Amino acid sequence: MWRLHRAAVACEVCQSLVKCSSGIKGSLPLQKLHLVSRSIYSHHPTLKLQRPQFRTSFQQFSSLTNLPLRKLKLSPIKYGYQPRRNFWPARLAARLLKLRYLVLGSAVGGGYTAKKTFDQWKDMIPDLSDYKWIVPDIVWEIDEYVDFEKIRKALPNSEDLAKLAPDFDKIVESLSLLKDFFTTGHKLVSEVIGASDLLLLLGSSGETAFRATDRGSESDKHYRKVSDKEKIDQLQEELLHTQLKYQRILERLEKENKELRKLVLQKDDKGIHHRKLKKSLIDMYSEVLDVLSDYDASYNTQDHLPRVVVVGDQSAGKTSVLEMIAQARIFPRGSGEMMTRSPVKVTLSEGPHHVALFKDSSREFDLTKEEDLAALRHEIELRMRKNVKEGCTVSPETISLNVKGPGLQRMVLVDLPGVINTVTSGMAPDTKETIFSISKAYMQNPNAIILCIQDGSVDAERSIVTDLVSQMDPHGKRTIFVLTKVDLAEKNVASPSRIQQIIEGKLFPMKALGYFAVVTGKGNSSESIEAIREYEEEFFENSKLLKTSMLKAHQVTTRNLSLAVSDCFWKMVRESVEQQADSFKATRFNLETEWKNNYPRLRELDRNELFEKAKNEILDEVISLSQVTPKHWEEILQQSLWERVSTHVIENIYLPAAQTMNSGTFNTTVDIKLKQWTDKQLPNKAVEVAWETLQEEFSRFMTEPKGKEHDDIFDKLKEAVKEESIKRHKWNDFAEDSLRVIQHNALEDRSISDKQQWDAAIYFMEEALQARLKDTENAIENMVGPDWKKRWLYWKNRTQEQCVHNETKNELEKMLKCNEEHPAYLASDEITTVRKNLESRGVEVDPSLIKDTWHQVYRRHFLKTALNHCNLCRRGFYYYQRHFVDSELECNDVVLFWRIQRMLAITANTLRQQLTNTEVRRLEKNVKEVLEDFAEDSEKKVKLLTGKRVQLAEDLKKVREIQEKLDAFIEALHQEK
């Protein structure tokens with residue numbers, strides 16, 4: 001409108017100039033007048049000699065220039081020359097009529113051509129609606145914060161602007177009075193004509209519109225280029241300042257909004273509104289992901305729920321980008337070393353206070369306090385070290401952390417260990433492969449948003465993560481590329497266009513939805529988030545990359561990155577969550593059908609419920625251990641103790657004492673050896689026997705089947721509880737000292753009060769000797785081989801060594817028959833005699849073989865003699881009461897076995913009391929502690945409660961829980977819409 005007004009004014013100026021020039025000698029050239037004015041003025045011919053020669057930078061042609069200009073005769077008048085009147089009004093009218101049709105045709109043709117060209121350009125412009133998410137929502141919602149209607153009303157209208165325009169009639173009148181009228185008027189009219197011709201150019205076709213033929217001199221071209229470049233630079237700088245200005249306004253408004261929301265949330269926390277706050281969407285979604293992360297490794301259902309996966313090379317700035325998004329320095333820090341050793345799932349949500357807490361802990365860390373920040377970083381580092389198993393460097397186990405604060409963008413991010421190219425010293429050999437497998441496991445999720453972090457300060461050819469990302473997402477439909485350390489890149493990179501190529505996606509062999517450039521600090525670990533943000537804004541405000549349009553304003557700062565990632569995350573959630581919910585419904589139906597077909601009469605007990613059931617059964621069995629009768633305890637204790645000490649009693653006490661010649665020496669030897677045995681070995685042996693007996697009884701109660709009610713699914717757990725409880729149990733140390741005194745007093749007593757005790761001692765002695773005799777017979781049989789009966793019946797033969805032992809045995813038996821009271825040891829001359837006798841029969845023997853054979857032969861001979869003597873002593877109680885006076889019968893060995901038997905009975909009674917009163921209760925306490933520890937250790941429960949039934953019940957429970965949480969999340973998502 002303004003240009004049309006200028007054209008109209010220009011025509012009026014030209015007409016006034018024509019009128020005023022009649023009194024001036026000379027005239028203006030036609031080319032310097034407006035096109036319409038030129039058509040009116042063209043019938044006044046002038047002489048070539050008197051026409052002023054003005055050099056113009058360009059010559060314009062129009063449809064009117066093709067008209068023939070006739071040479072008219074001029075008649076001299078007072079003020080110059082005047083054409084003769086040869087019916088010029090008629091000719092002028094004819095030409096004006098022809099001009100009307102030409103102008104009308106040109107306007108119609110030009111309008112059609114302009115419309116067609118505009119449509120072609122419009123079709124060439126790509127559809128940018130898919131990339132609308134890259135631009136922050138606040139840009140589309142700017143009308144909510146800026147009142148454009150108020151600004152429009154404040155601006156002046158076209159009439160007011162027309163009043164401000166200069167009065168060209170007065171200007172022309174004043175210019176006519178000046179001496180340099182031609183020069184100044186020529187320039188003014190040229191500018192007006194140039195603006196008018198530009199309007200005609202926009203409204204006419206290419207063939208009929210006027211064209212510039214004369215491009216002017218080289219100086220004019222250079223001046224125009226320089227001026228255009230300066231104008232472009234000035235416009236870009238003004239645009240940048242305007243964007244930064246509105247960015248500050250938006251930040252200020254958002255800060256005020258954040259404070260207001262914080263006040264509202266604080267009022268809700270204090271209960272002012274007395275309403276129950278629902279969980280936020282992001283918290284509900286995070287709970288679903290936590291349930292999925294708790295699955296066993298054997299669970300084969302794939303998790304395709306969206307999450308933001310942060311990947312990058314080591315020390316590329318992944319953690320710093322996350323901290324800028326979370327607005328807190330929450331991660332452990334290191335200089336060039338691997339700090340992220342296991343995946344960390346960070347759930348960002350909005351809240352009144354800036355706090356962080358772990359999924360399995362109720363402690364809140366105040367992120368506005370440096371002490372809590374240091375404690376949080378230390379806790380994350382401890383959890384990472386705990387997750388990493390011995391011999392490994394990284395772990396696939398996930399640490400779940402929730403961060404709440406005012407103004408945080410709601411999303412779920414997973415920080416993965418940095419990708420490395422070389423395994424250094426101190427790392428496990430498979431560290432590189434483990435990191436790749438962890439990264440691929442998260443990125444192969446088709447609904448995961450991949451946030452690819454690339455260090456801008458290093459050469460692009462050294463990037464490892466870009467190849468990995470391009471393999472997982474070759475079309476770049478869910479990848480966002482982030483270039484970090486742009487300040488260092490701008491300072492160190494020789495060619496800034498290289499940064500532009502990276503941001504435009506032309507340098508790396510990967511595609512992405514969006515490209516961002518950020519600055520995450522100056523490299524100082526003690527910098528605060530506010531200082532880093534101020535430094536980032538200051539850098540991009542003064543950056544040449546932004547001023548030269550190498551970077552766009554929406555592609556810089558972590559704030560824009562956070563908004564874009566959050567929008568992309570929620571877009572992916574809305575598109576895929578219902579499909580995932582349907583998938584879990586189908587999985588639930590399949591699992592329920594499988595359970596009904598395989599276990600129709602059993603309840604669906606998951607691992608925790610089965611553990612509680614097994615825990616109750618184990619505690620019942622421990623309680624039943626205290627119900628064992630005292631008689632049973634004493635019998636098994638006495639029998640076990642005798643089995644443990646019988647060898648020592650017979651070999652080291654009874655046999656050496658029996659070799660003496662009289663009863664006094666026998667009793668003395670027995671008393672000395674019993675005293676030594678009681679002081680050193682017997683109490684300790686008795687405690688060991690009692691502890692082993694308790695273990696055996698406990699194991700019997702734990703492992704014996706309970707009939708139809710027995711469930712073999714608990715056997716492994718019961719065995720582990722038994723072993724761990726026994727391992728933790730320690731016998732009372734004071735029991736051994738008190739037991740020593742009791743045993744010593746029992747062995748000192750030699751008085752047998754009645755015949756019943758005497759007979760019991762003889763029976764005990766016979767059993768012990770017969771058991772030893774049987775063992776000796778077996779040893780001799782193994783030494784000499786089978787007898788003639790077994791050789792004939794079972795077709796067995798003796799070996800050469802057995803034949804030698806048999807010949808030696810026969811020779812030694814002949815010697816014992818000659819002297820039945822032979823001592824226990826052979827003399828050297830007796831050994832020589834036996835060897836020579838065998839050599840005379842062609843049997844070569846060694847003296848050691850003769851001694852070994854003699855030991856077994858004499859032992860059998862002694863035991864048989866002792867048994868015969870035991871039978872004689874059955875009637876010796878009367879002589880015992882008289883102290884064997886006037887009797888050749890001496891039964892001191894019976895008294896010895898009575899003392900041993902009484903000591904065993906007293907020891908068993910003492911141990912039984914200690915077991916029932918103390919040790920069983922302590923064992924029950926240990927069992928409870930072990931069960932509590934197992935209940936807290938999920939890995940133990942997974943190892944001990946295994947099987948198809950357990951896994952199926954566990955999967956059913958998890959799928960139902962996930963489905964319920966997903967349904968609640970989807971309902972809340974629809975309500976928010």
Side-chain angles (χ1 to χ4, degrees), residues 642-662 665-666 669-670 673 765-873 890 892-893 896-897:
W642 171 243
E643 291 176 357
R644 182 67 63 85
V645 302
S646 59
T647 301
H648 180 82
V649 170
I650 293 175
E651 300 292 339
N652 297 332
I653 298 176
Y654 175 60
L655 287 178
Q659 303 301 319
T660 57
M661 302 303 296
N662 53 56
T665 307
F666 178 87
T669 304
V670 166
K673 291 187 176 295
M765 179 179 176
E766 284 181 346
E767 281 188 344
L769 295 178
Q770 286 176 358
R772 290 295 164 179
L773 179 60
K774 185 177 179 179
D775 294 340
T776 304
E777 292 286 354
N778 293 333
I780 293 175
E781 183 179 356
N782 293 332
M783 185 182 293
V784 301
D787 55 5
W788 64 270
K789 185 177 180 181
K790 290 183 179 180
R791 289 200 301 272
W792 280 98
L793 293 177
Y794 302 107
W795 294 83
K796 292 182 178 180
N797 293 322
R798 290 173 177 170
T799 63
Q800 183 64 31
E801 185 179 0
Q802 289 176 344
C803 292
V804 173
H805 276 290
N806 184 52
E807 293 294 335
T808 306
K809 179 185 75 76
N810 294 335
E811 187 67 26
L812 293 173
E813 286 178 349
K814 292 177 184 179
M815 185 175 62
L816 274 176
K817 287 181 181 179
C818 297
N819 183 13
E820 292 183 357
E821 296 181 358
H822 194 285
Y825 301 100
L826 285 175
S828 58
D829 56 345
E830 292 176 335
I831 295 174
T832 303
T833 302
V834 172
R835 183 169 59 82
K836 288 182 178 180
N837 291 339
L838 293 174
E839 288 177 355
S840 64
R841 295 199 299 268
V843 180
E844 295 291 336
V845 295
D846 188 78
S848 61
L849 187 144
I850 297 174
K851 292 180 180 180
D852 293 340
T853 308
W854 167 257
H855 177 72
Q856 299 297 335
V857 172
Y858 179 81
R859 182 186 183 85
R860 183 176 62 178
H861 169 72
F862 173 79
L863 292 174
K864 288 180 178 180
T865 305
L867 284 172
N868 292 333
H869 182 69
C870 186
N871 289 329
L872 294 175
C873 289
E890 293 182 357
N892 295 311
D893 49 356
L896 170 63
F897 277 92

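Note that the structure is predicted; figures quoted are calculated from it, not measured. If you read the sequence from its start, that first residue is 1, and numbering goes on from there.
Looking at every heavy atom in both residues, E643 comes nearest to S646 through O-OG, 3.6 Å. Considering all non-hydrogen atoms of both residues, I831 and I850 come closest at O-CD1, 3.9 Å. The minimum heavy-atom distance linking P656 with I650 is given by the pair CD-O, 4.3 Å. Of all heavy-atom pairs between C870 and M765, the closest is SG-SD, 4.1 Å.
Checked against ring-ring contact (aromatic ring centres under 6.0 Å, His included), H648 has the following partners two or more places apart in sequence or in another chain: W677. Every residue meeting the disulfide (SG to SG under 2.5 Å) condition with C873, not counting sequence neighbours, appears here in chain and number order: C891. Scanning for side chain to side chain contact (heavy atoms under 4.5 Å, CB included) contacts around L793 gives K789, with sequence neighbours left out. Listed by chain and residue number, W854 satisfy the ring-ring contact (aromatic ring centres under 6.0 Å, His included) test with H822 (two or more places apart in sequence, or in another chain). Shown here are the side-chain hydrogen bond (donor to acceptor under 3.5 Å, both in side chains) partners of Q856, two or more places apart in sequence or in another chain: there are none. For K673, there are no salt bridge (Lys or Arg N to Asp or Glu O under 4.0 Å) partners, not counting sequence neighbours. Every residue meeting the side-chain hydrogen bond (donor to acceptor under 3.5 Å, both in side chains) condition with T647, not counting sequence neighbours, appears here in chain and number order: R772. T776 meets the side-chain hydrogen bond (donor to acceptor under 3.5 Å, both in side chains) test with R859; sequence neighbours excluded. Every residue two or more places apart in sequence or in another chain that forms a side chain to side chain contact (heavy atoms under 4.5 Å, CB included) with N837 is listed here: E811, T833. Annotation: ring-ring contact (aromatic ring centres under 6.0 Å, His included) contacts of F666 (sequence neighbours excluded): none. For T865, the side chain to side chain contact (heavy atoms under 4.5 Å, CB included) test picks out H861, with sequence neighbours left out.
Counting only residues at least two apart or on different chains, the side-chain hydrogen bond (donor to acceptor under 3.5 Å, both in side chains) pairs with a member in residues 798-808 are H805-T853.
R835 and E839 are joined by a salt bridge, as a carboxylate oxygen and a charged side-chain nitrogen come within less than 4.0 angstrom of each other.
Separating the CG atom in L838 from the CG atom in L812 is a distance of 8.0 Å, to the nearest 0.5 Å. Separation of atoms CG (D775) and CD (E777) is listed at 10.5 Å; rounding is to 0.5 Å. Annotation: the span from L816 atom CG to K809 atom NZ amounts to 11.0 Å, rounded to 0.5 Å. Going from atom CG of L773 over to atom CZ of R860 covers 8.0 Å, rounded to the nearest 0.5 Å. Residue H855 holds its NE2 atom at 12.0 Å from CG of L826, rounded to the nearest 0.5 Å. Between N810 atom CG and K814 atom NZ the span is 7.0 Å, to the nearest 0.5 Å.
Side-chain atoms of E830 come within 3.5 Å of backbone N or O of A827 as a donor-acceptor pair.
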**OP:** Report the C-alpha separation of V845 and V843 in whole Å, then their side-chain angles, then the decisive distance to 0.1 Å, and conclude whether the side-chain contact (heavy atoms from CB on, under 4.5 Å) test is met.
**Re:** CA-CA 6 Å; V845 295; V843 180; 3.8 Å; yes

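Taking the six-membered ring where tryptophan is involved, the planes of F862 and Y654 are tilted, since the angle between them lies from 30° to 60°.
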